[in-house]
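Both backbone and side-chain heavy atoms feed into the values below; hydrogens, waters and symmetry mates do not. Below, read A as the first sequence line, B as the second, and so on, with proteins coming before strands; counting in each chain starts at 1.
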There are 4 protein chains.
Amino acid sequence: MPNRSPAGRAGRPRSAAADAAILAATREALVELGWSKLTLGDVATRAGVAKTTLYRRWAGKNELVVDAVAELFDELRLPDRGCLAADIEGVVLQFAAILDRPEARSGLMAVVAESTRDPALRERIRCSIVARQKRLVLEGRARAQARGELPPEPDPEQAARAVDLIFDVVAGAVVHRTLVSAEPADEEWVRGLTRVLLQGLASRTGPDGGPA
Amino acid sequence: MPNRSPAGRAGRPRSAAADAAILAATREALVELGWSKLTLGDVATRAGVAKTTLYRRWAGKNELVVDAVAELFDELRLPDRGCLAADIEGVVLQFAAILDRPEARSGLMAVVAESTRDPALRERIRCSIVARQKRLVLEGRARAQARGELPPEPDPEQAARAVDLIFDVVAGAVVHRTLVSAEPADEEWVRGLTRVLLQGLASRTGPDGGPA
Amino acid sequence: MPNRSPAGRAGRPRSAAADAAILAATREALVELGWSKLTLGDVATRAGVAKTTLYRRWAGKNELVVDAVAELFDELRLPDRGCLAADIEGVVLQFAAILDRPEARSGLMAVVAESTRDPALRERIRCSIVARQKRLVLEGRARAQARGELPPEPDPEQAARAVDLIFDVVAGAVVHRTLVSAEPADEEWVRGLTRVLLQGLASRTGPDGGPA
Amino acid sequence: MPNRSPAGRAGRPRSAAADAAILAATREALVELGWSKLTLGDVATRAGVAKTTLYRRWAGKNELVVDAVAELFDELRLPDRGCLAADIEGVVLQFAAILDRPEARSGLMAVVAESTRDPALRERIRCSIVARQKRLVLEGRARAQARGELPPEPDPEQAARAVDLIFDVVAGAVVHRTLVSAEPADEEWVRGLTRVLLQGLASRTGPDGGPA
DNA sequence: AGCTAATCGAGACGGTACGTCGGGTCTTAAT
DNA sequence: ATTAAGACCCGACGTACCGTCTCGATTAGCT
């Protein structure tokens, strides 16, 4: 989200419409130009707004693009398809569909790259984008436990580690498939991923993990 | 690799020392400045080379950084630790160690981001960086089959798909863990990943794979 | 003069101080470096101004130097020394004094050389520099006619041709003496020139001019 | 003239054809591009010669162009038209014709401009170009004195000053007319100039010059 | 005929300046 | 206080030319 108005009340309030116009213009520019050729002056022009107005709300290109891309992930939902495998497949396909859109492809990896040297930016990404996705993993596990497909977690700490692992595996695999391998993360591929994942997790038992 | 001299022999040959100096300077600058603040003029200065010399060999920042980072992956080796699981853990740890170096962190995601709009760059990444890694997966499988840990592949096409999947999962997971989640891909985490992976793959059987 | 702001009033107005600083810096650089070693980046630095600010106002080195040198000729005045010969000597000495200043020596011939391939530049020189000088010839003739030293001109067209000739002779001779022959256009030399000029002109009578 | 081969004899001698080709290519480039856009690399290419070959003979652009332009003035001759006025008109018209050629217009003023900060270059110009012209003035005076049109000079020093003045006036006027005023130095104009000049000089008498 | 040494073409090299572009900041007048 | 407009400083861009250098290949004159 953009910076809120400082302090309080006096003077002309900021235009709410401008925020939406700027974010939309940012996505439009990402599609047409990609991250590296996107300029804030151009975004301001597309949004019908002065550069000043843009800089009053966002600190720079990174922050703006994070917000613009984050909105794309708002539509992610955990579908109820009856069984865990189908649920996973559904949400992974949604995730892959978002990553397939050019405004996400161009922008997402770029801000991640920038975040390797900017902890504040990393935190912003984590809150705006990653947390939104991780929540789905938690929901999915809860639902599967309610269905009896997964056993309840005895050790909360280990459970958290498992969630982190699953999340890195799923998100990482989809990102790698889509952006690095540049192959479609289609239904067949997602089915294979899901199978490996579920089979791999099913065997987890002890604190140090399962079978010898 | 940088552009080679055109065709023949006439004229002063290109300095081989310059190539090495430039790539080293690029990595040095990546460590100190990161991708976005790295400038080709600065790299040239560090390398003790004129800017024109740099542009004669590389088309731009993207290509240069790909080559500079690719050299980091030259040291990846498939260790022989006796069993498949240990082999995987060993190579994944090496991979994670490389991704933990600041010159890789800064540069790798950035060029991947750029490659989403530049097919030639993507191909360059694939050849210089990805292929080097994928070879290890193939070697590892062959060795495991020789040991009897994995069955021989009846269907070559399906086998190729399996390699691709494994590769996307492993590489993606390590990258995501290291750069997005920004948590260390340490021995414990790698052990968990390996277990999931092997368990998930062990169950693959039929042409459409998995368990009922 | 530099390019004026386009049309209207919106936005921050151009700094008037910058114009003066740039022209002064240009003259300073001409003195120190001469035309060929003068760089716009250096001028901008001396003026305490960004390069873009300079390029917003002038199209290039040629136009800038024309304006910078033109200001030198602002101080040219037609002195009233009582008789035509003395008036001419006075103004020619002033002209020679200006041409003797290094900022004029370096710049003037160079822009004239450039103007041989750039009609717009030639026009700019004519308006900014030449016209200022030619006005003095007209003034001087009018004053001499008022004094009775010269007869009134019956034929305006022929009169104009005479002015052009005088002007080319005087300006050309001083320039050639100063810059090509590289000898001082001192009082003695100017007295000789004036004598030749007046004597030569005094004999002009008929429409085709001269002495039998 | 270009630098001569060093020392003496051993080794392959310099190609004489190259000299001529380079000077011709220089004039060709002056016509097409003008002084400021002329590059030595381009001249070398036009002459079918390596840059090294060019630099071995000339120190730089200035020296090269002086030599290339100087050759244009080789064709200046003092015609014998029977009387002094006609002789002057003839030689001035020749001079004007040369100045009207684009290779001279572009190059001549430029090297003069450069020479204001480079005494060696000025000397080279004086020897290669100016002296050639001044010789004609001396010849013309001698011939006129032989004809009885001009009295013999009693005071050699004053005679030299007169020659210098005439030369600066004539050359300066033609240059100014052609390059600054950008009007043709045609027959009519030259006749006017000649009349002023002869009439002005005819009255010269005493050491401090003539009539009050 | 074989040496010898300076020449030749080609083109890479370290520099310097170019003119443009984008990032952020600022100063206007208007809302 | 905010807005649109646009000038401002800064720094990097990628290119062009400079003048030098390093190559391998000629090529004359002297032995």
Side-chain angles (χ1 to χ4, degrees), chain A residues 5-15 18 36-45 47-61, chain B residues 5-6 8-15 17-18 36-42 44-45 47-57 59-61, chain C residues 5-15 18 37-42 44-45 48-57 59-61, chain D residues 5-15 18 37-45 48-61:
Chain A
S5 277
R9 43 204 170 266
R12 175 173 170 179
R14 288 196 185 158
S15 158
S36 62
K37 297 206 188 317
L38 175 149
T39 71
L40 296 197
D42 179 58
V43 168
T45 303
V49 145
K51 259 201 302 180
T52 332
T53 303
L54 201 158
Y55 276 106
R56 206 171 287 124
R57 291 163 158 86
W58 285 276
K61 195 167 160 173
Chain B
S5 275
R9 53 228 169 240
R12 177 172 172 176
R14 290 201 183 154
S15 159
S36 63
K37 297 205 188 323
L38 176 149
T39 71
L40 295 196
D42 179 60
T45 303
V49 144
K51 239 191 327 173
T52 40
T53 299
L54 202 158
Y55 277 106
R56 205 174 288 122
R57 292 163 157 83
K61 197 167 157 172
Chain C
S5 274
R9 53 227 169 242
R12 177 174 172 176
R14 289 202 182 152
S15 159
K37 297 207 189 321
L38 176 150
T39 70
L40 296 197
D42 178 60
T45 303
V49 144
K51 238 190 329 173
T52 40
T53 299
L54 202 157
Y55 277 105
R56 224 191 310 276
R57 291 163 157 83
K61 197 166 157 174
Chain D
S5 277
R9 42 207 170 265
R12 176 176 174 177
R14 288 195 187 157
S15 159
K37 297 206 190 311
L38 176 150
T39 72
L40 296 198
D42 179 59
V43 168
T45 304
V49 145
K51 257 200 303 178
T52 330
T53 303
L54 200 158
Y55 277 105
R56 206 173 286 123
R57 291 162 159 84
W58 286 277
K61 195 168 160 174

K.L.:
Does C/R57 have a side-chain nitrogen or oxygen under 4.0 Å from the phosphate oxygens OP1 or OP2 of F/dC8?
P.N.:
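For C/R57, the contact criterion (side-chain N or O under 4.0 Å from OP1 or OP2 of F/dC8) is met.
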K.L.:
Going from OG on B/S36 to NZ on B/K61, what distance comes out if it is rounded to the nearest 0.5 angstrom?
P.N.:
6.5 Å
K.L.:
With a 4.5 Å limit on heavy-atom distance, are the side chains of A/W58 and A/L40 in contact?
P.N.:
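The answer is no, as the side chains (C-beta and beyond) never meet within the 4.5 Å cut-off.
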K.L.:
Might you point out which heavy atoms bring D/A18 and D/S15 nearest each other, and give the distance in Å?
P.N.:
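Minimum heavy-atom separation between D/A18 and D/S15: N-OG, 3.1 Å.
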K.L.:
Ignoring hydrogens and angles, tell me if any N or O in the side chain of D/T53 forms a donor-acceptor pair with the backbone of D/V49 under 3.5 Å.
P.N.:
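Pair absent, no side-chain N/O of D/T53 close to backbone of D/V49.
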K.L.:
Once you round it to whole Å, what is the distance between P of E/dA12 and CG of B/L54?
P.N.:
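For the pair B/L54 CG and E/dA12 P, the rounded distance is 15 Å.
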K.L.:
OP1 or OP2 of F/dC8 versus the side-chain N and O atoms of C/R56: is any pair under 4.0 Å?
P.N.:
yes
K.L.:
How long is the line joining CG of B/L38 and C1' of F/dC13, in whole Å?
P.N.:
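So the CG-C1' distance, B/L38 to F/dC13, works out to 13 Å.
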K.L.:
Can you check the B/K37 NZ to E/dG22 P distance for me, whole Å?
P.N.:
18 Å
K.L.:
Taking the nucleotide of DNA chain F with the closest heavy atom to each, which residue, C/G48 or D/Y55, is nearer the 5' end?
P.N.:
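Looking at DNA chain F, the more 5' nearest nucleotide goes with C/G48.
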K.L.:
Could you check whether C/T52 gets within reach of a base, just the sugar-phosphate, or nothing at all, counting any heavy atom under 4.0 Å?
P.N.:
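Answer is base: heavy atoms of C/T52 come under 4.0 Å of a base.
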K.L.:
Under 3.5 Å, is there a donor-acceptor pair between the side chain of C/K51 and the main chain of C/T45?
P.N.:
no
K.L.:
Using only side-chain N and O atoms of A/T53, determine if any of them is under 4.0 Å from OP1 or OP2 of F/dA4.
P.N.:
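Yes, A/T53 has a side-chain N/O under 4.0 Å of OP1/OP2 on F/dA4.
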K.L.:
Taking 4.0 Å as the cut-off, does a side-chain nitrogen or oxygen of B/R12 come that near to OP1 or OP2 on F/dC21?
P.N.:
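No, no such contact exists.
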K.L.:
Let me know the distance between NZ of C/K61 and P of E/dT16, rounded to the nearest Å.
P.N.:
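After rounding, the gap between these two atoms is 16 Å.
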K.L.:
Assign each of B/V49 and B/G11 to its nearest nucleotide of DNA chain E by heavy atoms, then name whichever residue's nucleotide is nearer the 5' end.
P.N.:
B/G11
K.L.:
From CZ of B/R14 over to P of E/dA10, roughly how many Å is that when rounded to an integer?
P.N.:
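Distance, rounded to whole Å: 17 Å.
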K.L.:
In whole angstrom, what separates C/L40's CG from E/dT20's P?
P.N.:
11 Å
K.L.:
Over how many whole Å does the gap from B/K51 atom NZ to F/dG14 atom P extend?
P.N.:
8 Å
